[in-house]
Each structure stands twice: as C-alpha cells, then as structure tokens.
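Throughout, protein chains are lettered first and strands after them, A, B, ... in sequence-line order, and every chain is numbered starting at 1.
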Number of protein chains: 4
Amino acid sequence: MYEFGRSKGVNRAYSFDDVAIAPARRTRSESEVDLSWRIDAVTFDAPIVAAPMDSVMSPATAIRMGQLGGLGVLNLEGLWTRYEDPTSQYEQLTATMDQVTATRRMQQIYSEPIKPELIEQRLTEIREAGVPVAGALSPARTQQFAEVIERSPMDFFVIRGTTVSAEHVDGGEDSLNLKDFIYRLDTPVLVGGCATYRMGLHLMRAGAAGVLVGFGGGATHTTRSVLGIEVPMASAVADLAEARRDYLEESGGRYVHLIADGAVGRSGDIAKAIACGADAVMVGSPLARATEAPGRGWHWGPEAWHEKLPRGERVFFDQVGSFEEVVSGPSHVPDGTMNLVGGLRKAMALTGYTDVKSFQRIDLLVH
Amino acid sequence: MYEFGRSKGVNRAYSFDDVAIAPARRTRSESEVDLSWRIDAVTFDAPIVAAPMDSVMSPATAIRMGQLGGLGVLNLEGLWTRYEDPTSQYEQLTATMDQVTATRRMQQIYSEPIKPELIEQRLTEIREAGVPVAGALSPARTQQFAEVIERSPMDFFVIRGTTVSAEHVDGGEDSLNLKDFIYRLDTPVLVGGCATYRMGLHLMRAGAAGVLVGFGGGATHTTRSVLGIEVPMASAVADLAEARRDYLEESGGRYVHLIADGAVGRSGDIAKAIACGADAVMVGSPLARATEAPGRGWHWGPEAWHEKLPRGERVFFDQVGSFEEVVSGPSHVPDGTMNLVGGLRKAMALTGYTDVKSFQRIDLLVH
Amino acid sequence: MYEFGRSKGVNRAYSFDDVAIAPARRTRSESEVDLSWRIDAVTFDAPIVAAPMDSVMSPATAIRMGQLGGLGVLNLEGLWTRYEDPTSQYEQLTATMDQVTATRRMQQIYSEPIKPELIEQRLTEIREAGVPVAGALSPARTQQFAEVIERSPMDFFVIRGTTVSAEHVDGGEDSLNLKDFIYRLDTPVLVGGCATYRMGLHLMRAGAAGVLVGFGGGATHTTRSVLGIEVPMASAVADLAEARRDYLEESGGRYVHLIADGAVGRSGDIAKAIACGADAVMVGSPLARATEAPGRGWHWGPEAWHEKLPRGERVFFDQVGSFEEVVSGPSHVPDGTMNLVGGLRKAMALTGYTDVKSFQRIDLLVH
Amino acid sequence: MYEFGRSKGVNRAYSFDDVAIAPARRTRSESEVDLSWRIDAVTFDAPIVAAPMDSVMSPATAIRMGQLGGLGVLNLEGLWTRYEDPTSQYEQLTATMDQVTATRRMQQIYSEPIKPELIEQRLTEIREAGVPVAGALSPARTQQFAEVIERSPMDFFVIRGTTVSAEHVDGGEDSLNLKDFIYRLDTPVLVGGCATYRMGLHLMRAGAAGVLVGFGGGATHTTRSVLGIEVPMASAVADLAEARRDYLEESGGRYVHLIADGAVGRSGDIAKAIACGADAVMVGSPLARATEAPGRGWHWGPEAWHEKLPRGERVFFDQVGSFEEVVSGPSHVPDGTMNLVGGLRKAMALTGYTDVKSFQRIDLLVH
C-alpha cells in the first residue's frame with residue numbers, strides 16, 4: 001500500500017507486460033503436456049475461448065474454433081442477430097476510413113434492431129456442426145431476451161459487459177437479477193468482466209460457472225482514457241484466484257473457473273495469464289489476424305459503437321495465416337501471434353509442468 | 001520517503017497518468033448519478049470549469065459553457081480586455097508558424113495595454129446572457145485593477161497565477177494582500193495554482209471560497225523544463241484534500257472547494273481528479289477541440305507570452321465537434337476528449353457512485 | 001518480494017539496462033589491467049566467447065576469434081554441418097525479405113540433415129589453425145551425435161538450448177542424461193541457458209565446467225512474447241554467482257565458471273555482466289557487425305527456424321569494421337559496439353580494478 | 001538498498017529527470033533574488049560555468065561569458081592550443097557528415113601536438129579583457145604541462161577528466177600527484193568528474209577549491225553504453241553535498257564548492273542541481289545553441305576523439321539566439337534553453353528563496 005498524498009492509500013497493480021514467468025528446474029517433453037480444460041460437462045483440448053466480437057466470430061469461425069479444440073462464443077447482439085445476411089455490413093465496417101467516420105458508421109449500423117429468431121437460428125447452426133455452443137449478451141440484453149436464451153440450445157451462456165455485478169441497483173424494473181437468472185437457466189453461465197476479489201466472490205455466489213476477469217484491457221478498449229478505470233490484468237487474475245479459492249472452501253467444493261479476458265495478444269500472455277491463476281483465456285486480437293476472420297484484419301468491440309460515449313477503437317491487424325495456424329500452428333512468425341496452443345504447450349514443457357492446474361503455481365518475476 | 005543521496009529526503013508523487021480508478025462492487029444506472037456541484041450561491045449541473053485562456057474562452061463561449069451547466073471563466077487580461085475587437089489578433093495568433101515566431105508574436109500582441117472599461121464591458125455581456133459570470137486575473141493585475149473588479153458584476157472572481165500565496169513577501173507596496181482583498185470583495189474568490197498542503201491551508205485561511213490545485217501541469221506548460229518545478233496532479237489533489245479536511249475542522253465548518261487545474265485532458269482525467277479528492281476540474285485543452293473555440297484548435301496560455309522567460313507553448317489540437325458535443329455529448333471519438341460530462345457520469349455509474357462527494361472516496365491503483 | 005494480488009508473491013528482477021556500475025575511488029592505468037580468463041587448461045586473453053550462431057561463426061571466424069584471444073564456438077547443427085559448402089544457403093538467408101518469408105526459408109534450409117562427418121571435419125579445421133576449439137549442440141542433438149562428439153577434437157563442448165536441465169523428465173529413451181554424458185566425455189562441458197540458482201546448482205553438480213547464464217534475452221530472441229518466460233540478465237547472473245559460491249564450498253573447491261549469454265550488445269554490457277558476477281560473456285550481435293561475419297550484417301539464431309513455433313527473429317546490423325576492430329579496436333564509433341575488449345579494460349581501469357575476479361565485487365546502481 | 005540476486009546489494013539512484021522541485025509556501029519578488037556566487041577571491045553574478053569544450057568555448061566566448069557574469073573555461077588541450085588559427089579545423093569539424101567520418105576526422109585533427117606557448121597566449125588574451133580567467137586540462141596533460149600552468153595567469157585552473165582521483169595508482173612516474181600539484185599551484189583548482197562521497201572527500205582532502213560532480217552524463221557522452229558506468233546526477237550531487245558538509249567539519253571550516261557537471265541542458269536542470277546541493281553548474285549544450293558558439297550548433301567533447309575507444313558523440317543543436325540571450329535573456333523559446341539565469345531566478349522567486357545557499361535546502365519530489 002503506497003502512501004498517497006497525506007491520507008489516501010493506493011495499491012500497486014501489475015499488467016501482463018510487467019511480469020514474466022521464471023523458469024523452474026525440471027523440463028518436460030511437449031508430448032507429456034496435457035492442456036485439456038474441463039468445465040461443467042465439456043472438456044476442451046485447450047483452455048482457449050474466442051471472444052464474442054463480430055470481427056472474429058461468425059457462426060463459421062465459432063464452429064472452426066470448436067473443431068480446433070477451444071470454445072467459440074458468438075456475439076448475440078451483433079451483426080449476426082441484426083441482419084439476416086450481414087455481408088454488406090461487414091464490407092462497410094472493414095472499409096478504409098478515419099476513426100470518426102468509423103465510429104459514426106458503427107453507431108449507425110448497430111442501431112438496427114436485434115431479431116430474436118436470429119439468435120436461435122445462429123446458435124442452432126453451430127450446434128448442428130457438432131461443436132460446443134456458446135453465445136454472449138450484455139446484462140441489459142440478457143434481461144431483454146431472457147426467454148429466447150432460455151429456450152436456445154447452448155453449452156454455455158456468456159454475460160459480458162464493461163462491468164457486471166450480481167447486484168445492479170437502480171430501482172428500475174428492467175435490470176437483470178443475476179442470481180435468479182442463473183438459477184432458472186439450465187445452461188452454465190460465464191459472467192464478466194470483473195476485476196476485484198469482492199466482485200468475483202459476489203458473482204461466484206450468484207451461481208456463475210465461470211467468471212471473466214478483466215475490465216477494459218483489450219486491444220480495442222479506451223476505457224482508461226474515457227473513464228479513468230483500469231485494472232491491470234496480472235493483479236486482477238491473481239486477486240480473483242484468491243476469490244476462487246475462498247469460495248471453493250465457503251461453498252464446500254464448488255470450483256468456479258477464471259477466464260482471463262483482455263490484454264491476451266500473444267501466446268506469452270496466455271502462459272502468463274495461467275501462471276497468474278487463470279483456468280482459461282479469452283482471446284480476440286490474435287484471431288483477427290486469421291484469414292477467415294470476418295473482420296478481414298479489422299477488429300472492434302461493442303464499446304466502439306456506443307451511441308453517446310464510444311469507448312473502443314477499430315484496430316487493424318495484418319493477417320498472418322489460417323484460423324488453424326493461428327490457434328494451433330504451425331507458426332511462420334516469431335512474435336507469439338500464431339500457434340497459440342503451441343506456445344502455451346512449449347512454455348509449460350520448458351518450465352516442467354504437464355497440466356494447467358499445476359502451472360497456475362509457477363513463480364513470477366516483475367520486470 | 002526515499003533516501004536520496006546520503007542526507008536529502010524526497011517524496012514519491014503521482015500524476016493522473018500513474019493512477020487508475022479501481023472498480024467497486026455495486027454498479028448504478030447513469031440516470032441515478034447526480035453530478036451537480038454547489039459552490040457558494042450557485043449550483044452547477046456538472047463540476048466543470050472552463051480555464052480562462054484566450055484560446056478557449058471568449059464572452060460567447062463563456063456564455064455557452066454556462067448554458068451547458070458548467071462555469072466559464074474569461075481571461076480579464078487577455079485579448080478581450082486589450083482590444084475592442086480582437087478578431088485580427090486571433091487571426092495572427094492562429095496562423096501557421098514556428099514556435100519562435102509564435103512566441104515573439106504573442107509577446108508583441110499581448111503588450112497592448114489593458115483597458116479597464118473593457119473588463120466591465122465583457123463581464124456585463126456575460127451577465128446579460130443569464131449565466132454565472134466569472135473572470136480571472138493574475139495576482140499583480142488583481143492589485144492593479146482592484147477597483148474595477150470590486151465594481152464589476154461577477155459570481156466568482158478567479159486569481160490565477162503560476163503560483164500564488166497568501167503572503168507575497170517583497171517589501172514593495174504593489175503586492176497583493178490576498179486576505180484583505182478577499183475580505184473587501186463581496187464576490188467569492190477562487191485562488192490558485194497551489195500544490196501543497198501548506199500552501200492550500202494558507203489560502204483557505206485567507207478566505208478563498210475555492211482553491212485551484214496545480215502548478216505547471218497543463219498541456220501548454222513547460223514549467224518543468226524551465227523552472228524544474230512540478231507537482232504531479234494526483235498527489236497534489238490528495239494533499240489538498242487533506243488540507244480541506246483539516247481546515248473544515250479548524251474553521252468550525254467552512255468547506256473550501258478544490259478545483260483541479262492542469263493535466264485534465266480527457267474525461268478519464270476528470271474522473272481521476274475527483275477520485276483523488278477534487279470537487280471540480282478546470283479544463284482547457286478539451287475545449288480547444290471545439291469548433292467554436294476562438295483559438296480554432298490552437299491553444300496557448302499566459303505563460304507563453306512572458307517577455308523574458310516564456311514558459312508555455314502554443315499547441316494544436318484537431319477539432320472534433322461542437323462545444324456542446326465536447327462538453328456533454330454525443331461523442332464520435334473513443335479517446336475521452338468528447339462528452340466530458342458523459343464520461344464522468346459513466347465512470348461513477350460503473351463504480352456505483354451517485355454523487356460527486358462520495359466518489360471522492362473511491363480506491364485508486366498505481367500502475 | 002512484492003505482494004501480488006492477494007496471495008502470489010513475485011520478485012523484482014533487473015536487466016543490464018536497469019543497472020549501472022558505480023565508480024570507485026581508485027583509478028588504475030589500463031596497462032595494469034589483466035583481462036585474462038583461465039578455464040580448465042586454457043587461458044584466454046579476454047573473457048569473451050563468440051556465440052555459436054551461423055550469422056557470426058564460421059570455421060574462419062571461429063579461428064579469428066581464437067587468434068584475437070577469445071573463444072570461438074561453432075554451431076555444430078547449423079549450415080556448416082548440413083552443407084559441404086554453405087555459400088548458396090548463406091546468400092539465400094541474407095537476402096532482403098520480410099519476416100514471414102525469412103522464417104519459412106530458414107525452416108526449409110535448416111531441414112537438410114546433419115552429416116556427422118562434417119562435424120569432425122569443421123572441428124579439425126579449427127584445431128589445425130592452432131586456436132582453442134569449441135563446438136555447440138542442443139541437448140537433443142548432443143544425444144543424437146554423442147559418439148561423434150566423443151571422438152572429435154575439442155577444448156570445450158557447449159550444450160546450448162533454450163533451457164537445459166540436468167534432469168529432463170519424459171520417460172523416453174532419447175533424452176540426454178547430462179551427468180553421465182559429462183562424466184564420459186574427456187572434454188570440459190559448458191552448459192546452458194540457465195537462469196536460476198537452483199538450475200545452476202543442478203548443472204554444477206552434474207559436472208559442468210561452465211554454465212551459460214541466460215534465457216531468451218538475446219537480440220534475436222522473442223521468448224518473452226511467445227512463451228511469457230524471461231529472466232532479466234543482471235539478476236540472473238547475480239543469482240548464479242551465489243550458486244557458484246555455494247557449490248564451491250559444497251564441492252570442496254570446484255569452481256564452475258559463469259558465462260553471461262544474452263543481452264550483451266555493447267562493451268558496457270560486458271562490464272556490467274562481470275560486475276554482476278560473470279566470469280566471461282558470450283556475445284552475438286556485436287560480432288554480426290563485423291565485415292567478415294558470414295551473415296553479412298544479418299543475425300539469427302536457432303530459435304528462428306523452429307518448425308512449429310519460431311521464437312527468434314532475423315535482425316540486421318550495420319557493419320562497422322573488421323572482426324579485429326570489433327573485438328579489440330580501434331573503434332570508430334562511440335556507441336560501445338566496437339573494441340569490446342578496450343571498453344572492458346577502460347571500465348576496469350577507471351574504477352580501479354586490475355583483474356576480472358576482483359571486478360565482480362564492484363558496486364552497482366539501479367537507475 | 002535493493003536486494004539483487006541473492007547476495008549483491010544495489011542502490012537506487014536518481015537523475016535530474018527523475019526529480020522535480022516542490023514549491024514552498026512563500027513566494028518572493030525576482031528583484032530580491034541574489035544569484036551571486038563567491039568562490040575564492042572572485043564573486044560571480046550567477047553560479048554558471050561554461051564547460052571547457054571547443055564547441056562552445058573560444059577565447060572570445062570565454063570573455064563573453066565573463067562579461068555576462070559567469071565563468072568561462074577554455075579547453076587548454078583543444079583546437080586553440082594545437083593550432084595558431086583553428087578556423088579551418090572548425091570548418092572541417094562542423095561539416096555535415098556521418099558519425100563514423102566525424103569520429104575519424106576528430107581523431108585526425110586532434111592528433112596535432114599541443115603548443116605550450118599557445119596555452120599562455122590564449123589565457124593572456126582572456127586576462128587582458130578584464131574577466132576571470134580559467135583553463136582546463138586532463139590529469140595526464142596537467143602533469144605534462146605543469147610548468148606552463150604554474151606560470152600562466154589564471155583565476156581558476158580546472159582538471160577535468162572522465163574520472164579523476166587524488167590517488168592514481170599505476171606505478172609509473174608520469175601520473176599526476178594531485179595533492180602536491182594543488183599545494184604548489186597558487187591558483188585555486190577545480191577538479192572532477194567525481195560522483196561518490198568517497199571520491200569527493202578524497203579530492204577535498206587533496207586541497208581542491210571546487211569539485212566537479214558528474215561522470216559521463218552530458219549530452220555528448222556515451223559512457224553508459226561503452227563502459228557501463230553512470231552515476232545519475234541528482235543522487236551524485238546529493239552525495240557530494242554530504243561530503244562537503246563532513247569535510248567542512250573535519251577541516252575546521254574549509255568549504256569546497258560543488259559544480260554540477262553534466263546533464264544540465266535547461267534552466268530547470270540548473271534549478272534542480274542547486275536544489276540537490278550544488279553551488280554552481282557547468283553547462284555545455286545550452287551554449288552550443290548560441291549564434292556565437294564556435295561549433296556553429298555542433299557540440300562535441302574530448303571523449304569523442306579518443307584514438308581507440310571514442311566515448312562521445314558529435315551532436316547538433318539548432319541555434320536560438322545570441323550568447324547573451326542564451327545566458328541572461330530575453331528568451332524567445334519556452335523550453336528552458338534560453339535565459340538560463342532568468343529561469344533560475346524565477347524558480348527561486350516562485351519558491352521563496354533569495355539566495356543560492358538557502359535554495360539548496362528545498363524539498364524535492366521523485367516522479
């Protein structure tokens with residue numbers, strides 16, 4: 001705790017860039033490393049979740065993600081549920097234009113109403129491909145489309161907003177009661193973003209199967225400039241790991257998964273996130289570099305088209321290879337943006353860990 | 001306290017860029033957030049004061065600021081009190097030219113004498129528009145034009161210099177006695193810049209209604225290069241908050257407002273300033289981006305035209321929208337420079353605070 | 001130990017750039033400074049080892065290095081043992097091309113099988129020139145070519161991998177048992193990279209004559225981005241110095257040399273490495289600037305051509321002078337990349353140290 | 001003291017850029033500020049010494065410096081003592097060329113032998129102008145030209161080398177015995193660079209009238225890259241201030257002046273240097289910006305032409321005004337590089353100090 005001014009205390013917090021993994025004594029073969037991640041009834045080959053962003057997730061790439069052993073999450077309040085065929089909208093959004101024009105265009109394109117029947121239609125399309133199905137909505141939209149969600153086929157439902165809490169106090173009738181909603185829904189729910197021990201514990205007590213850790217740290221976010229709010233990821237994950245542990249005890253055995261969401265741009269960040277205590281990571285920008293990404297290299301999130309206070313940017317990434325090469329190799333670039341799974345596997349092998357849960361205990365350095 | 005060399009101690013200080021707001025547990029609706037700021041007899045809709053700089057404040061924009069719910073402050077020793085019609089001078093000052101030419105030109109244009117009758121005239125013009133009226137002078141000019149100030153119609157009078165203290169010791173007859181001046185003036189006085197607990201307490205004891213916190217930290221200042229002096233804003237505000245509290249007790253209940261003045265370039269900085277303890281903020285550069293700003297994107301302060309030792313630069317900002325859009329939205333850019341009020345409101349809603357006074361207590365992170 | 005999140009501790013670590021040597025009281029003449037380094041049966045004029053990288057080491061430059069008083073180490077799994085005459089391959093690898101093309105081309109060129117007879121041939125060529133002979137292989141290749149190594153003429157054998165440990169646990173039959181291998185080999189073995197006290201102690205106990213300190217810190221490495229692993233060099237060397245000391249005592253007198261490997265780009269870094277406790281340094285990028293360097297300014301390491309997960313880049317350096325001028329002067333540039341030996345000698349003279357072992361004790365500053 | 005590795009301790013040190021002056025409570029008028037600096041028999045109007053560098057000091061500008069109230073120091077082993085008329089050499093050294101060509105040219109031009117008669121001639125020229133006279137030599141050249149120095153007319157003699165100590169141990173006959181030399185010379189001697197308490201105390205005990213604080217920190221130095229040695233200035237000055245104080249007591253009253261030498265590029269740095277404890281500052285680069293500077297904007301020091309290991313660069317600065325305007329104003333730029341004396345005076349007035357000795361006690365911030 002730093003002394004700040006004469007009275008206010010502040011805490012020092014660390015981002016992934018501030019920390020590095022310290023190599024251990026024993027190395028292992030890559031063939032011995034098991035990256036599997038089991039959450040609820042599903043076991044994934046690797047602990048990687050694709051972020052529900054229109055720039056990287058379409059029904060097709062969500063299916064691809066599942067085929068590659070991870071979890072694809074479709075944005076259920078994006079282009080795919082507002083437009084029967086969003087090809088033209090994608091073309092408009094991936095054109096060359098300055099930030100102001102891009103923001104205005106996004107605000108205009110995303111003003112088209114959401115069609116509940118498209119929510120069911122897209123999720124069914126993914127289910128029929130035989131991979132795990134997941135969709136995401138903000139808390140407000142979850143309330144609005146609760147019925148559709150309850151009858152749609154999903155393995156996981158994701159509630160993802162700039163922040164979300166189990167208790168949204170505004171006295172109005174249309175705020176989401178998270179605990180009730182989770183209780184009523186058969187599908188396990190992953191909720192976020194959340195960045196502190198208290199917030200995490202509260203979400204866990206509300207019944208979440210998993211908690212997304214993060215707050216405005218992704219490649220497209222400008223939350224720190226606009227709101228002054230930021231929780232550096234490494235500290236946030238470590239804090240939430242503590243909440244997971246305390247809740248495990250308090251609940252008599254219910255383990256809530258932590259999914260690091262934000263600032264995961266390279267395989268090195270995935271390794272660091274797990275080293276800080278995460279069970280899995282949610283990735284956005286690396287997938288934007290895949291040739292099949294619907295955003296064709298452009299990457300943007302829901303904060304970018306807010307009507308009155310945009311808090312995200314449209315960012316461009318060079319495309320480096322196929323979705324498969326980005327996720328599981330082979331890589332042709334040395335910067336950690338391809339073969340995400342291979343990088344994690346290598347990091348664990350070199351430091352002597354053969355399963356993700358143990359790797360959470362490795363030592364870290366600040367530098 | 002750091003050990004420095006073998007004998008001298010130094011303190012670590014933090015700027016707004018060093019800190020971030022840590023999200024709390026409860027979120028609130030934006031509709032519940034009350035940003036009003038009451039100081040002396042006036043209640044403002046938002047705690048935002050426009051800096052008395054010729055590049056952003058003309059009688060017209062001072063009126064606009066008032067209409068938008070904030071406080072506009074006119075520079076009473078600038079172009080508007082030296083020239084009957086400063087159009088030509090504005091054109092000269094907003095031309096494309098290198099820094100040296102700009103400095104020389106400013107020195108020449110600002111050498112024109114101040115006309116006391118123009119002081120009264122401009123303030124009257126603002127009063128007649130039915131908004132709160134405020135004007136600013138440096139301590140030396142306050143002394144020089146004390147009579148005019150005493151008879152001019154204002155809701156607040158601002159004494160703003162590079163630094164100002166209640167006690168200016170030089171043995172000369174023409175230094176301002178702040179305590180006497182404030183006592184004689186009916187209008188509440190806002191005094192600054194001030195950056196330490198001691199300086200603040202002294203100004204509060206002199207009778208100031210509000211204290212401007214800051215010293216050479218604005219976008220146009222070069223005080224650190226020229227004088228070696230700087231007080232990073234976050235620490236300065238926190239220190240002054242302590243002085244406000246101690247003085248409240250010592251005075252038996254007189255609350256002196258803190259206005260953060262400097263380094264407030266984005267809505268995120270406004271949120272941080274209040275989180276550090278400020279009651280309001282003084283903003284300059286964001287307003288320079290408004291199409292109605294008299295500086296047409298160019299921004300400069302009084303330190304820039306000092307005859308012998310200029311300590312400010314003329315800086316250019318792209319213009320992003322109208323004065324109203326910059327102050328209260330909607331924003332078309334994601335970087336925090338538009339919809340200042342909306343950004344503050346959102347930050348408070350997301351962290352669960354419904355009034356500014358409570359928001360001063362939120363936790364901070366250093367990163 | 002920092003507090004990190006609520007439960008995980010982290011340590012602060014320092015790179016060479018973070019530290020500086022603090023001048024002492026007595027200065028000495030350069031003529032009094034003795035830079036000699038004695039390891040096993042060989043005494044070198046200066047404690048400098050050329051890194052076994054195809055971009056800087058050919059049989060010819062390895063010989064040159066020896067003639068200049070240092071130790072040249074040939075990469076025994078590179079171009080010189082895959083191709084009878086690698087001229088064409090060097091031309092292809094030093095052409096102008098983007099990073100992706102370069103990576104693909106390296107992967108293709110380095111897929112040519114290694115010829116054991118070339119291993120013996122190249123080492124013999126160096127021996128016949130009458131300088132100390134050293135070659136390097138990764139742990140896997142050491143296992144594969146153990147027989148050839150055992151019968152090849154070398155003064156030192158270097159086992160160099162991204163990391164290496166005395167205990168490689170994978171249950172398979174083809175992993176290298178370091179202790180046995182060192183025991184059987186007459187030639188003294190230098191092993192690395194290694195970055196922690198524990199890893200170092202383990203390698204020392206396995207019988208290594210010297211330990212290479214470092215992990216992914218060289219100019220061409222991207223280990224931090226791809227794996228999240230990094231051990232800043234200054235801290236790593238200091239930790240290993242402790243291991244060397246403890247092992248010296250535990251073994252009843254066996255001194256294992258530390259060779260700093262990575263982040264040594266200028267003579268100032270050489271001085272810092274020794275000041276942190278190293279006995280010698282391994283250098284790569286400074287030698288890439290020599291006109292005789294086979295890479296003609298291009299510089300790359302084995303991590304760059306990994307089939308599935310490249311972790312190195314091909315980097316270009318302007319060429320500044322001959323191999324001799326780069327190593328021992330005279331220098332024509334003021335940036336520390338020429339006259340490496342002269343820079344170290346000057347640093348020791350100015351701070352009053354006449355031998356390398358004493359210089360290891362000088363004080364450091366963090367800045 | 002930081003823990004570093006497992007055994008070696010390191011200290012944190014601060015440069016001028018790391019610190020800022022914290023404003024005090026009372027302000028004073030600039031007219032009350034007395035910047036005079038009295039050392040030995042001379043009182044200067046301002047505590048500013050011009051660095052003995054050929055790029056800024058010619059006999060003409062040394063005279064100008066004295067007329068402006070400071071101390072000009074001529075380099076007695078530079079162009080002015082090697083060439084009867086160095087006009088052609090200046091032209092060659094200020095031509096446009098790359099760093100390597102510049103270094104080679106400097107090495108060639110500075111190989112011309114020094115003529116003792118020119119040493120006397122130049123110093124006499126300055127004396128006849130009626131200003132304080134000072135010349136500088138390195139320790140080796142001091143030894144070589146001891147006789148000439150002893151009979152030349154000077155108010156101060158400066159011994160300035162990369163480092164210098166009272167005890168240069170090399171067993172040779174031609175090293176300078178500082179204590180003897182100072183004892184024999186009537187002229188007060190200023191000695192440096194020196195960066196630690198111990199080194200300073202030693203020089204003070206050797207009889208120096210003043211100590212130059214610094215080691216490789218100037219604008220043209222590359223000491224950190226080439227030697228790994230650096231002592232950040234703020235900490236160095238503070239440490240030496242402690243030595244000055246202890247020596248004052250130990251000697252029963254002999255006050256040795258501290259002159260900060262290096263990293264003083266703007267008036268803000270002058271203020272900081274004194275705030276850290278310096279009595280005066282030695283400046284180089286600001287003077288290079290004067291139109292009368294013999295280097296015509298190019299700036300270089302003796303480290304740049306070392307035969308075998310150059311440790312300095314030739315740097316270019318835009319020219320901003322006359323020598324007088326640079327030293328004492330008026331300034332036309334806001335960045336602290338003009339009106340050095342005005343900047344110091346203003347800093348002291350704003351923080352309430354009227355003499356340099358008191359200003360040494362002001363508080364500092366780290367940021």
For the interface with chain A, which of [options] has the highest count of heavy-atom pairs at distances below 4.5 Å?
options: B/Gly277, B/Pro334, B/Gly321; value: B/Pro334
options: B/Gly343, B/Cys276, B/Ala275; value: B/Gly343
options: B/Gly342, B/Ala20, B/Pro330, B/Gly329; value: B/Ala20

Checklist entry - Should B/Arg266 and A/Arg224 count as side-chain neighbours, where that means a heavy-atom distance under 4.5 Å? => result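 The answer is no, as the side chains (C-beta and beyond) never meet within the 4.5 Å cut-off.
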
Checklist entry - Under a 4.5 Å cut-off applied to non-hydrogen side-chain atoms, are B/Glu30 and A/Lys308 in contact? => result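 No; the side chains remain at least 4.5 Å from each other.
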
Next on the checklist: Just checking B/Arg254: does its CZ atom have more than 12 heavy atoms from other residues, nucleotides or ligands closer to it than 6.0 angstrom?
Outcome noted: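 Yes, CZ of B/Arg254 has more than 12 neighbouring heavy atoms, counting only those of other groups under 6.0 Å.
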
Inter-residue atom distance [X].[atom1] - [Y].[atom2], 0.5 Å rounding:
X: B/His367; Y: A/Asp17; atom1: NE2; atom2: CG; result: 8.0 Å
X: B/Asp318; Y: A/Asp98; atom1: CG; atom2: CG; result: 10.5 Å
X: B/Leu350; Y: A/Arg311; atom1: CG; atom2: CZ; result: 6.5 Å
X: A/Gln107; Y: B/Ser331; atom1: CD; atom2: OG; result: 7.5 Å

Residue part contacting chain A, namely of [X], when any heavy atom lies under 4.5 Å:
X: B/Asp335; answer: backbone
X: B/Ala236; answer: neither
X: B/Arg345; answer: neither
X: B/Val19; answer: both
X: B/Met348; answer: neither

Checklist entry - Which of the residues A/Leu309, A/Thr101, A/Asp18 is involved in the greatest number of heavy-atom pairs with chain B at under 4.5 angstrom? => result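 It is A/Leu309.
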
Checklist entry - Between A/Val231 and B/Leu365, what is the shortest heavy-atom contact and its length? => result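 For A/Val231 and B/Leu365, the tightest heavy-atom pair comes out as CA-CD1, 4.0 Å.
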
Checklist entry - Does any N or O in the side chain of B/Ser267 come within less than 3.5 Å of the main-chain N or O of A/Leu227, such that one atom is a donor and the other an acceptor? => result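 Not at all, since once roles are kept as given, no pair shorter than 3.5 Å links the two residues.
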
